[in-house]
Structure formats: structure tokens, C-alpha cells
Amino acid sequence: MGPMLPGKPLAALTRCSLPSNVKTTTTLRFTSTLQAHAQAQAQTQSKTISNASLPPLAVVPTRILLRSLLVATISSKKYLLIPALSLMSFLSKPGRNWLCDVDRNPILHGILKKTFYEQFCAGENGAECRSTIKELKDMGFRGVILTYAKETVFDHSTGSSHGLGIAEIKSENGDVSVDAVVQKCPSIEAWRDGTLKTIDMTEEEDYLAVKLTGAGLKVTDAFSVGDLPPQQMIDALDEICSKAKSRRVRILVDAESQHFQKGIARITVDLMRKYNRDGIATIYNTYQAYLKSTPTTLANHLAAAYDDGFTLGLKVVRGAYIASDERSLIHDTKQETDDAYNMIAQGALKKNIGEFGDKGSRPFPSVNLFLASHNKESVVNAHNLHKQRTRSGLPTVPVRFAQLHGMSDEVSFSLLGMNDGDGSPEVYKCSTWGGLGECLAYLLRRAIENRDAVLRTDSEYQALKSETFRRCKSVFSLSPSS
């Protein structure tokens, strides 16, 4: 229905004088429009009531439900998960022969793509990614977080770095030549090109997640000693951030191996200082709650945001590199990690963290919060706290939520079901794109996360099994039409 006249109540509109030759027609058209609008509202309310009585997973397409059930069955059973982890770890190592190369062996590629890859990844090209994004948004998600798969992982136990899909400069004898004379580093250029392509796949209010180590050896060498990356990388980041900001796409800089994290955090704060100047965070840094050092790091970044007058983009995760990072850097128990996560999330929502806020000695800076978590209790409590403070007129910060594509759908759809008409909570799904070989390191981490969260995956498995049984029962219980 078109906009109402300013200051005119609905009843007054029907009394407006009209030319005699259009009065009857216009009145009928106006009445029919009102009736159509009322009918649409009634249908929407009926649909909402109907959906409210269904379980959260009822909106998942059957094809995705069955694939999720297969993956959850493997993830929740140790006797299936452990061999699957060993196989994926073996396949992710570089230099495999044709038989064990997922990009060259079509049978192996087909099996992995139709199971684990499509469960957790968006696609191998733009067309596949756009199809996945549309499917996720059709299920009710506010948007997507899309990331390019290339990265470098540092294994603390072996002291070695392992990159997938990263171009290298090689000399004639095949050795990596760091000192090769080239105008531009091909690794940085390939990462820049792939990241710009990722932005083109997104829409307004979507997010781009970036793994800076995907830019290769020159960048990771700088990050490993806490330095800024080469100027070519800084120029690429400026181009990427400018394009994202112009399209109203936001950037989440992923946390990575601790061997590189100091340098990653340094360049990310510089980018926030430059691009988060209008009260909205275009750039977010990622804070891993399982690290003992995170409260100190966050305090330093809150101070920088306040002193330099920029908005801190605060993305909170529990952490995903427990298999490769130095164990002494990580909390001793899961409960300590949970407590740290909830302290940061609820502290930000209350605008009180450490010395910042009305309970501290310094004012709380401008913050935009993004909570990425598969822990239902954490995200539900955070949403309830945010809603309570908003309704009571208490100070709080903007917040959005996300779960990984293919994981914790029951949590995601439960959050979506808490929307009571005010548009919150805003829930996103985070997905990775790239070739199957490029995504193996990512897929392996997802499998390890499932191994380390047996209770959650068993809960997911039971929820998926119940929904599958419900659908089968509804099909077979249908009576023939008379």
C-alpha cells in the first residue's frame, strides 16, 4: 500500500472529496487494497502461529536435513569420527599422488564434495556460492559471512607452516625463492584477486571474513615477528576495505594460528582506526575466548578505540586452533573458556569490561558486537540480555549472531524463532568457498571441533534424527484424499 498522507488518520482519508468521475472507482480500489493488506496480514499471522508449533529444524530442506544427519551420525560416534579425522588429515597433507589428490581423483572428489564439502562450504565457484547464499537466506537468515579458503596454519608441535592453495615463487630447481626479483608477489596478488571476487558474491549487509595468512610467505614471515605486512599487502587491504565499505559489506578479520596472531591484530587495529570512523564497524577483529591472553588484548584494543575515536569491531569466538597452537596458551578447561566467552559477551552488552564503563575508571568506547558461537546457552542469554536492556532503555551495543554453515542448525533456527517482530536477533551463517583441496584444512578443523564437542554433536544428532522421523511419520500418516 502506498504511503499515507502526512497527518491524516485513516478515517479522514475516506472523507476526502474526490471528483465525481473517479470517486467510486478510487474508493473501491482503496477498499480492495485495504482488504488485500488485511488478508495478507492474517495469512502471515496464521503462518507464524503454524510455524511456532513446529520444531526449529522444520524449515530445513529435506536434502540438507538428510546430509546433515549423515555428517552428524559420523561426528557423534567416536568409532566413525576418529577414522574420518585420520583420513581427512592424510588427504590434507601436500604432495599426495593422483590417487589421494582430492582435486585430481574424480571419484574421491565426488564423494567428499557431496558429503563434507557441501555440508560446510559454499561452493567452488561464483555460481555455486550464489546458489548456496540464496538457499540460506530463503531459510530466514539475515545474511551470510563468506570467506576465501586460502590460509597458512602453523603447527606448534612440528614448528612448520602449511599452506593450501597459496602461490609460491619458485626458482628453476624447484626450491622456494623468497628473494626472487618480481614486480609483485604472486601470492599476495592471488589472495587479493580471490578476496575481491568474494566481495562480488556478497550483498549489502553481508560479511566478508578474511584469512590474512592466505596471502603467502612474505605476509606470514612479517606476521610471525609481529610486523606489518609488505606494502603490496597493505595496498590490497585498502582496496578491499574501500570496496566493502562502498557496498555496505563488513569485514571480519579471522583469528588464526597464534604464531601469526600478533601481526594480524596489529594490521587489523590499523584498519579499524582508518575505516570505523562513522559509528559503524566496517572492520572487526576476532577475539578467541580460549586464549588466556585475550582479556589483556581486548583491554588494549578498547583503550585504542577510546583514545583514537574509532568503533571497535568485536567478534567473539571460542577458538579453532587447539590442535595446532601451543597448549599452554589456552585455558585448562572448557568451563574456563565458556566463562571467558560469556564475560566478554555480556560485558560488552552491559558496556562494562574491566576498567571501561560506569563500573570502571574509563568511559566505554564505541563497540559493535558480533557473537559467533555454537553454544546455545551463550547466545540465547546474550540475546535476552540485549533485548532486556533495549526495552528498559539501558545502555548497550549493537549485536549480531552467527554459526558455521553446516553446524548447529538447531541453535541457529532456535535463535530465528525468538524473533517477536522487532527484527532481532539477526542471525548469519558463515561459509567458506574455494576448491576442495583448498578447503581441506578448514574441513579438518570443523571435524576436530565436532570431536571436541561430543555433547553438542550428540544433541544435534538427536534433533536431526527426531526431525527426520517426524517428516517420515507425516508422509506415511497421510490419508488418501476422498
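Just the heavy atoms: all of them, side chains too, but no hydrogens, waters or symmetry mates, feed the values below.
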Worked check of side chain to side chain contact (heavy atoms under 4.5 Å, CB included) between R250 and I280: CA-CA 10 Å; R250 305 184 189 189; I280 296 174; 3.6 Å; yes
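- Taking OG of S412 as the start and CE of M139 as the end, the distance is 9.5 Å to the nearest 0.5 Å.
- Scanning for side chain to side chain donor-acceptor pair (under 3.5 Å) contacts around N276 gives an empty result, with sequence neighbours left out.
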- prompt: Given S414 and E410, is the side chain to side chain donor-acceptor pair (under 3.5 Å) satisfied, shown in steps?
  reply: CA-CA 6 Å; S414 292; E410 198 271 338; 3.3 Å; yes
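- For the residue pair N352 and G360, the shortest heavy atom distance occurs at OD1-N, 4.4 Å.
- Counting all heavy atoms, side chain and backbone alike, E467 lies closest to P55 at OE1-CG, 3.2 Å.
- Within the 3.5 Å criterion, the main-chain N or O of I330 finds a donor-acceptor partner in the side chain of R327.
- In this structure, the side chains of S68 and Q119 come closer than 4.5 Å at one or more pairs of heavy atoms.
- Looking only at side-chain heavy atoms (C-beta outward), N384 and M418 come within less than 4.5 Å of each other.
- Residue Y284 holds its OH atom at 9.0 Å from CG of L314, rounded to the nearest 0.5 Å.
- Side-chain atoms of T294 come within 3.5 Å of backbone N or O of Q288 as a donor-acceptor pair.
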query: After noting the C-alpha distance and the side-chain angles of T333 and Q335, does the key distance pass the side chain to side chain donor-acceptor pair (under 3.5 Å) rule?
result: CA-CA 5 Å; T333 66; Q335 186 60 51; over 6 Å; no
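- When all heavy atoms are compared, the tightest approach of Y321 to S257 is CD2-OG, 3.8 Å.
- Heavy-atom neighbours of E239 CD from other residues, nucleotides or ligands within 6.0 Å: above the threshold of 12.
- Atom NZ of K292 has more than 12 heavy atoms from other residues, nucleotides or ligands within 6.0 Å.
- Between L212 and M233, the shortest heavy-atom contact is O-CE, 3.8 Å.
- Just one of D206, D409, D138 meets the salt bridge (charged side-chain N to carboxylate O under 4.0 Å, His left out) condition when paired with K429; it is D409.
- A 4.5 Å side-chain heavy-atom check between L404 and F120 finds every atom pair outside the cut-off.
- To the nearest 0.5 Å, atom CD1 of residue I145 and atom CG of residue L136 are 11.0 Å apart.
- Taking OG1 from T282 and CZ from R248, the interatomic distance works out to 10.0 Å, rounded to the nearest 0.5 Å.
- Using a distance-only test at 3.5 Å, with no hydrogens or angles considered, no donor-acceptor pair links the side chain of R318 to the main chain of T337.
- Distance check, rounded to the nearest 0.5 Å: NZ of K197 to CZ of R192 gives 10.5 Å.
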task: Starting from the C-alpha separation in whole Å, work towards a yes-or-no answer on side chain to side chain donor-acceptor pair (under 3.5 Å) for Y275 and D238.
output: CA-CA 9 Å; Y275 290 97; D238 278 331; 3.0 Å; yes
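- Side-chain atoms of H259 do not come within 3.5 Å of backbone N or O of D325 as any donor-acceptor pair.
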message: Using side chain to side chain donor-acceptor pair (under 3.5 Å), reason through N375 and S373 one step at a time and then give a plain yes or no.
response: CA-CA 5 Å; N375 186 297; S373 176; 5.3 Å; no
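- Shown here for S408 and H374, the closest heavy-atom pair between the two residues is OG-CB, 3.0 Å.
- Nearest heavy atom pair, residue F401 against residue V379, reads CE2-O, 3.6 Å.
- With hydrogens and angles disregarded, a donor-acceptor distance shorter than 3.5 Å links the side chain of N125 to the backbone of A127.
- A side-chain hydrogen bond (donor to acceptor under 3.5 Å, both in side chains) with Y428 is found for one member of R400, E205, Q403 and no other, namely R400.
- For R470, the CZ atom counts as densely surrounded, since its 6.0 Å shell holds more than 12 non-hydrogen atoms of other residues, nucleotides or ligands.
- Taking the six-membered ring wherever Trp is involved, the centroid distance between the rings of F141 and F413 falls below 6.0 Å.
- Checked against the 6.0 Å centroid criterion, the rings of F356 and Y306 do not qualify as a close aromatic pair.
- With hydrogens and angles ignored, the 3.5 Å screen pairs no side-chain donor or acceptor of Y290 with any backbone N or O of D332.
- Note that the CH2 atom of W433 and the CD atom of E438 stand 7.5 Å from one another [nearest 0.5 Å].
- Tested against R142 for a salt bridge (charged side-chain N to carboxylate O under 4.0 Å, His left out), the candidates E426, E203, E204 yield a single pass: E426.
- Side-chain atoms of S131 never come within 3.5 Å of backbone atoms of E128 as a donor-acceptor pair (strictly under, hydrogens ignored).
- The backbone N or O of T213 lies less than 3.5 Å from no partner atom in the side chain of W191, so there is not a single donor-acceptor pair.
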- request: Report the C-alpha distance between D200 and K243 in whole Å, list the side-chain angles of each, state the deciding distance to 0.1 Å, and finish with yes or no for salt bridge (Lys or Arg N to Asp or Glu O under 4.0 Å).
  value: CA-CA 10 Å; D200 289 334; K243 182 173 183 177; 2.7 Å; yes
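- Remark: D358 does not engage K351 in a salt bridge, criterion side-chain N to carboxylate O under 4.0 Å.
- Remark: side-chain polar atoms of R273 are not paired, donor with acceptor, to backbone N or O of D308 under 3.5 angstrom.
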